[in-house]
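Worksheet for the structure shown next.
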Amino acid sequence: MGEEILNFLKEKLDKQYGKEITSEIIEGYQIKRKVTLRVNTLKSNVKDIEKELIKAEIKYEKVPWNKEAFIIKNVREKEIQNLVSYKKGCIYLQSLSSMLPPIVLKPEEGTDILDMAAAPGGKTTQIAALVNNKASITACEMNKIRAERLKYNIEKQGVTCVYIMTTDARNIDDFFSFDKILLDAPCSGSGTLDINNPKIEEVFTPKLIQKSIESQTALLKKAITLLKQGKEMVYSTCSILQEENEEIINKILSYGNIEIVPIEIEGMEHLPMLPSKIKGTLCVKPNELYEGFFIAKIRKIK
Ligand code: SAM
């Protein structure tokens with residue numbers, strides 16, 4: 001079951017990365033990823049969370065590029081959800097890869113920030129914590145049910161600087177403009193596939209890739225329109241297919257009003273990387289710690 005779609009995916013990856021890297025990716029898909037979490041600095045701090053984990057005999061490791069991230073070594077999500085700090089919104093279960101875009105975005109206090117595809121809000125709340133609730137964040141989400149989840153997470157984590165817009169981000173009025181934008185775009189999810197899922201052909205389809213490409217292109221165009229001149233945005237997906245990443249960026253680069261800002265974060269040499277077709281962008285390889293992810297930083301120049 002799912003053989004046909006797996007062959008389709010392998011063929012695509014082979015063409016893009018070659019046989020050796022493709023087999024590493026396939027291996028990465030098969031490993032059960034470790035549970036990871038982020039400390040919500042709006043409600044707690046790293047020291048207190050470490051104390052609680054030690055008391056609960058939960059073993060952890062730290063992450064070189066993010067001091068607020070923990071890799072959990074001996075328990076799964078359920079045990080973390082039983083912790084008082086989880087119930088109080090002091091920690092948030094979040095994949096390591098998905099903590100990267102807000103860090104790359106480098107949000108600043110006192111600025112106007114747009115999170116264009118925001119639910120369930122892992123990155124919105126991370127951005128709010130990075131600016132210590134002292135920015136004006138617009139979080140856009142077109143799916144009403146998912147927007148409810150976003151609202152829940154924002155409230156639980158003590159975020160007070162977010163305005164939720166339940167609308168299609170492609171329809172945001174061009175009258176608005178922002179200092180920073182995160183476009184964590186809807187995608188095929190090819191970086192996070194569970195290839196042992198017997199129903200994989202229901203969650204990953206050629207049609208979904210095509211639909212994603214259309215939304216990604218339209219949303220990125222809109223993001224560039226809404227971004228103030230000279231300011232920066234981040235485009236990210238949890239896909240490792242070039243057609244959803246480099247090809248989208250290249251299409252928009254050809255219009256001539258944006259440039260790539262090379263990504264530089266401390267400790268990024270520890271990330272498992274895939275080759276990217278655009279220098280300065282980041283493509284993370286799926287493994288036991290990371291989901292496959294693509295991140296590009298873009299500046300509007302005209
Ligand atoms: N950034 C989120 C986080 O870190 O929790 C994950 C975002 S998920 C990859 C993409 C989200 O975009 C989905 O919730 C989807 O419903 C929403 N979406 C898709 N197309 C959209 C559009 N045109 N306008 C606004 N939201 C959209």
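Numbering of ligands and ligand atoms starts at 1, following listing order.
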For [X], which part has a heavy atom under 4.0 Å from ligand 1: side chain, backbone, both, or neither?
{"X": "Thr124", "result": "neither"}
{"X": "Lys123", "result": "both"}
{"X": "Ala218", "result": "neither"}
{"X": "Ser98", "result": "neither"}

### Ring geometry between Phe204 and Phe8 (parallel below 30°, tilted from 30 to 60°, perpendicular above 60°)
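Rings of Phe8 and Phe204: tilted, as their planes differ by 30° to 60°.
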Just need the protein heavy atom nearest to [atom], so name the residue and atom and give the distance.
{"atom": "atom 1 (N) of ligand 1", "answer": "Asp184 OD2, 2.8 Å"}
{"atom": "atom 24 (N) of ligand 1", "answer": "Ala169 N, 2.8 Å"}
{"atom": "atom 12 (O) of ligand 1", "answer": "Ala117 CB, 3.1 Å"}
{"atom": "atom 6 (C) of ligand 1", "answer": "Ala119 O, 3.1 Å"}

Nearest-option assignment for [atom], heavy atoms, candidates [options]:
{"atom": "atom 21 (C) of ligand 1", "options": "Gln94, Met142, Arg146", "result": "Met142"}
{"atom": "atom 23 (N) of ligand 1", "options": "Ile145, Leu150, Asp168", "result": "Asp168"}
{"atom": "atom 11 (C) of ligand 1", "options": "Met99, Met165, Glu141", "result": "Glu141"}

Taking only heavy atoms of [X] into account, list the atoms of ligand 1 that are under 4.0 Å away from them.
{"X": "Gly121", "answer": "3 (C), 5 (O)"}
{"X": "Leu219", "answer": "23 (N)"}
{"X": "Pro186", "answer": "19 (C), 20 (N)"}
{"X": "Ala185", "answer": "9 (C)"}
{"X": "Asn143", "answer": "16 (O)"}
{"X": "Pro120", "answer": "5 (O)"}
{"X": "Arg170", "answer": "23 (N)"}
{"X": "Met116", "answer": "25 (C), 26 (N)"}

**Item:** N or O pair under 3.5 Å between Gly122 and ligand 1
**Value:**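 Yes - when backbone and side-chain N and O of Gly122 are compared with those of ligand 1, one distance drops under 3.5 Å.
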Got a salt bridge between [X] and [Y], using NZ or NE/NH1/NH2 to carboxylate O under 4.0 Å?
{"X": "Glu68", "Y": "Arg38", "answer": "no"}
{"X": "Glu148", "Y": "Lys144", "answer": "no"}
{"X": "Arg33", "Y": "Glu288", "answer": "no"}
{"X": "Lys222", "Y": "Asp174", "answer": "yes"}

| request: Report yes or no: is the cationic atom of Lys73 (NZ for Lys, CZ for Arg) closer than 6.0 Å to the six-membered ring centre of Tyr60, at no more than 45° off its axis? | output: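 No, Lys73 does not lie over the aromatic ring of Tyr60.
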Is it possible for you to check whether Lys156 lies under 6.0 Å from the centre of the six-membered ring of Tyr86, through NZ or CZ, and within 45° of that ring's axis? yes
Would you tell me whether Glu244 and Ser239 have side-chain atoms, one donor and one acceptor, within less than 3.5 Å of each other?
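The answer is yes; a qualifying pair exists.
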Would you find more than 12 non-hydrogen atoms of other residues, nucleotides or ligands less than 6.0 Å from [X] atom [atom1]?
{"X": "Glu269", "atom1": "CD", "answer": "yes"}
{"X": "Gln81", "atom1": "CD", "answer": "yes"}
{"X": "Tyr163", "atom1": "OH", "answer": "no"}
{"X": "Ile145", "atom1": "CD1", "answer": "no"}
{"X": "Lys106", "atom1": "NZ", "answer": "no"}

If you measure from each heavy atom of Ala118 to ligand 1, is any distance below 4.0 Å? yes
So is Thr167 close enough to ligand 1, meaning a heavy atom under 4.0 angstrom away?
->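 Judged by the 4.0 Å heavy-atom criterion, Thr167 does count as contacting ligand 1.
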